[in-house]
Amino acid sequence: MMIIIGLSCEGQLYAKMEIVYVYTKKRSEFGRQCNFSDRPAELHVDILPDPSLAANFTVRDPCNVTMQCAEEMSEHEVNTERFESESRGINHVEGGWPKDLNPEDMEATIRYRKKVEKDEHYQNTIMQIAGLMEHCSKQNNATDIYQDFFDDEVEEEVVEESEEEPSAKTINVFRDPNEVKRTATSLSWHPDGNHKLAVAYSSLEFQKAPNDMSFDSYIWDIENHNKPEMTLKPVCPLVCLEYNPKDSHILVGGSYNGQIAYWDTRKGSQPVEMSTIEHSHRDPVYKVIWLQSKTGMDIFSASTDGQVLWWDIRKLSEPTERLVLDPSKKWNLDNALGAISLEFETTMPTKFMVGTEQGLVVSCNRKAKTPAEKIVCTYSGHHGPIYALQRNPFFPKNFLTVADWTARIWSEDIKESSIMWTKYHMAHLLDGCWSPVRPSVFFTVKMDGTLDVWDILFKQNDPTLSLKVCDEALYSIRVQDNGRYLGCGSQLGTTTLLEISSGLCTLQKNEKALVSEMFERETKREKILESRHREMRLKERSRSEQSREDETKDADGEESTEELVARAETEFFHMLEAEKTKERNEEKERDMEKGVCEEKDFQEEHETNGEVASFTRGEISL
Amino acid sequence: MAEVEDTLKRIQGYNGVIGSIVVNAEGIPIRTTLDNSTTVQYVGLLHQLTMKARSTIRDIDPQNDLTFLRIRSKKHEIMVAPDKEFLMIVIQSPTE
């Protein structure tokens with residue numbers, strides 16, 4: 001065993017134990033057969049742990065071991081040959097010719113060309129590509145692949161459209177911006193383009209207008225519902241407002257105190273001119289309409305004070321004409337009917353109609369010779385004020401009236417009653433109008449806030465479409481000229497803009513013919529009924545005349561009515577007495593004969609009583 | 001030689017063909033039915049375009065190659081049949 005002690009290069013002393021084995025063998029024993037023997041294991045060295053050595057070490061806890069669950073990759077680098085590309089173009093003036101050739105030289109170029117053409121390669125190539133070219137050229141000639149198909153087929157009106165459910169949807173809602181809400185009493189669409197809506201606000205309840213109620217009326221742009229486009233500031237709230245159909249800047253309004261005022265939107269919110277109080281109406285002006293005249297500046301207005309006044313707006317100090325709606329034609333204002341609505345059709349400029357508070361429609365002629373002739377006739381049938389009156393735009397002989405709980409359609413010729421009417425609704429109808437595009441469609445609004453769309457060709461008993469627009473009463477409705485949009489104003493000043501489905505605003509085929517047939521049929525029916533009524537009345541009258549004549553013959557000459565009455569009385573009482581006694585006798589008889597059928601007597605009595613009654617009635621009706 | 005003539009004449013005679021040009025690789029118009037200035041203009045522009053088109057096709061797929069180029073415009077259609085050395089251009093107006 002050798003122990004090597006050495007000095008390392010760093011100057012550290014170290015001890016190394018080397019285990020060395022020495023074999024000794026005699027020379028003579030070389031080559032001798034090895035004798036192996038087994039012997040147990042011998043422990044040669046046992047190096048025990050030396051705890052003092054452990055002092056050189058400290059325990060590390062925790063041990064940080066890094067691990068990675070990833071593919072082991074190695075990095076490689078490759079370097080390829082660089083491929084440079086560049087865009088090049090040839091700018092031809094007359095390019096490509098070989099250097100020795102002068103392009104200007106015609107002969108040289110021709111010669112060169114010919115040389116190329118003779119080349120076989122050239123010929124083969126040309127044959128090849130010519131083949132391709134021919135193919136494509138022929139293709140072009142065969143069909144035009146960019147042709148527009150189905151262009152000439154006119155798009156037919158899809159029939160399904162008319163079967164679509166009629167509907168209306170709210171597009172926009174314009175609320176009264178003031179604190180105190182007023183009723184939107186009248187609407188007027190802008191005549192060009194219909195992008196604006198003028199709404200008149202006022203409180204129609206008698207003396208219930210609160211003190212701080214604003215008098216303003218607004219012009220709304222239908223796109224913007226937050227703020228009105230323009231404010232009109234009258235002196236007194238406006239009940240009705242109309243755009244001038246000829247000049248879209250001018251509006252005229254009738255106010256609550258009876259004055260008429262007109263505005264020019266270019267000039268601002270204040271009225272340009274107002275009518276003088278002395279010559280104006282004495283009650284609120286309920287309707288104002290522009291007339292068709294050369295100047296385009298004439299209007300006429302109606303009010304419940306019984307007058308219809310004509311004005312020229314350039315001179316509002318005095319009306320140009322005056323009509324008092326006195327049915328007795330005496331121009332007595334006290335007798336006059338209050339006017340609530342007016343109707344004027346530009347195709348019949350001399351006639352106009354007035355709807356009154358008393359439920360009568362008065363038809364008037366403006367060009368009558370004498371004032372008494374101005375009122376032509378009246379149509380009765382309504383129980384309450386006539387809020388709306390409008391001729392059918394396609395059939396001016398028929399007009400629509402909206403009043404009390406019904407809407408009625410009239411024919412000008414029949415004065416006794418309307419030719420068609422709706423059933424009595426649960427709520428008052430407050431306004432209505434025809435659709436300007438379809439002769440069979442009209443709209444009505446009710447006190448419970450519903451809008452009804454009626455299509456008389458489709459259904460006469462009920463509205464085709466009934467929509468609840470708001471919870472409060474709807475006071476006014478106006479349809480735009482294209483028949484698609486309509487605006488309705490409510491009691492709290494909310495104007496709702498609705499769009500109706502296309503089925504209700506496109507003219508159906510045969511519609512005009514069918515509607516005219518319907519109107520004619522109903523008119524004829526009414527005429528027949530009217531004539532029958534007249535006949536019956538005549539008969540009654542003639543019968544009573546007849547009996548009167550007989551009586552006078554009996555009574556020998558003229559008797560005064562009093563005497564006749566006295567005679568009739570005495571006769572009547574005689575008759576009664578006779579009857580009474582007869583009754584008493586019969587009772588006695590009945591008591592005696594219990595088995596007799598009482599009914600028979602009872603009937604007889606009644607019959608005889610009846611006869612007596614009719615006879616005496618006939619006499620008294622002298 | 002005669003065939004080539006015939007073919008070219010036939011192509012020119014087709015319905016709606018306005019003109020035809022045969023160009024070599026250097027851009028020299030060998031055969032043309034249009035006037036010189038128009039020919040030169042067509043050749044210069046279409047040559048470049050054909051090269052570009054061809055390189056486009058080959059970039060996308062190197063095995064591919066351009067066989068024919070058709071440009072349809074409002075007024076007429078320009079057809080280009082390319083080859084390694086030559087180029088045939090025909091201008092045809094659509095049949096309407």
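Throughout, a chain's letter reflects where its sequence line sits, starting with A, and its residues are numbered from 1. The structure displayed is predicted, hence computed values, not measured ones.
- Only the side chain of A:Thr125 comes within contact range of chain B, judged by heavy atoms closer than 4.5 Å.
- Contacts between B:Val17 and chain A at a heavy-atom distance below 4.5 Å involve the side chain alone, from C-beta outward.
- Looking at A:Gln128, the atoms closer than 4.5 Å to chain B (heavy atoms on both sides) all sit in the side chain, from C-beta outward.
- No more than 12 heavy atoms of other residues, nucleotides or ligands sit less than 6.0 Å from atom CZ of A:Phe458.
- For chain B, the nearby parts of A:Met133 are the backbone and the side chain; heavy atoms of each come within less than 4.5 Å.
- Inter-residue side-chain proximity for B:Val22 and A:Ile126 is flagged as met; some heavy-atom pair is nearer than 4.5 Å.
- Interatomic distance, NZ of A:Lys138 versus CD of B:Gln92, reported as 11.5 Å (0.5 Å rounding).
- Residue A:Lys114 does not touch chain B at all, counting heavy-atom pairs closer than 4.5 Å.
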Do any side-chain atoms of residues 59-70 of chain B form donor-acceptor pairs under 3.5 angstrom with protein atoms, and if so which ones, sequence neighbours left out?
{"from": "B:Asp61", "atom 1": "OD1", "to": "B:Gln63", "atom 2": "N", "distance (Å)": "3.2"}
{"from": "B:Asp65", "atom 1": "OD1", "to": "B:Arg54", "atom 2": "NE", "distance (Å)": "3.4"}
{"from": "B:Arg70", "atom 1": "NE", "to": "B:Glu77", "atom 2": "OE2", "distance (Å)": "2.5"}
{"from": "B:Arg70", "atom 1": "NH1", "to": "A:Gln139", "atom 2": "OE1", "distance (Å)": "2.6"}
{"from": "B:Arg70", "atom 1": "NH2", "to": "A:Cys136", "atom 2": "O", "distance (Å)": "3.2"}
{"from": "B:Arg70", "atom 1": "NH2", "to": "A:Gln139", "atom 2": "OE1", "distance (Å)": "3.3"}
{"from": "B:Arg70", "atom 1": "NH2", "to": "A:Asn140", "atom 2": "OD1", "distance (Å)": "2.9"}

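- Looking at B:Glu85, the atoms closer than 4.5 Å to chain A (heavy atoms on both sides) all sit in the side chain, from C-beta outward.
- Using the six-membered ring where Trp is involved, A:His121 and B:Phe86 have ring planes that are tilted, between 30° and 60° apart.
- The candidate with the highest count of non-hydrogen atom pairs below 4.5 Å against chain A, out of B:Val4, B:Asn24, B:Ile30, B:Val90, is B:Ile30.
- Note that CD of A:Glu134 and CZ of B:Arg10 are 4.0 Å apart. Values are rounded to the nearest 0.5 Å.
- With sequence neighbours left out, B:Arg31 forms a side-chain hydrogen bond (donor to acceptor under 3.5 Å, both in side chains) with A:Glu117, B:Glu5.
- For the residue pair A:Ile129 and B:Pro82, the shortest heavy atom distance occurs at CG2-O, 3.8 Å.
- A 6.0 Å sphere centred on NZ of A:Lys115 holds no more than 12 heavy atoms belonging to other residues, nucleotides or ligands.
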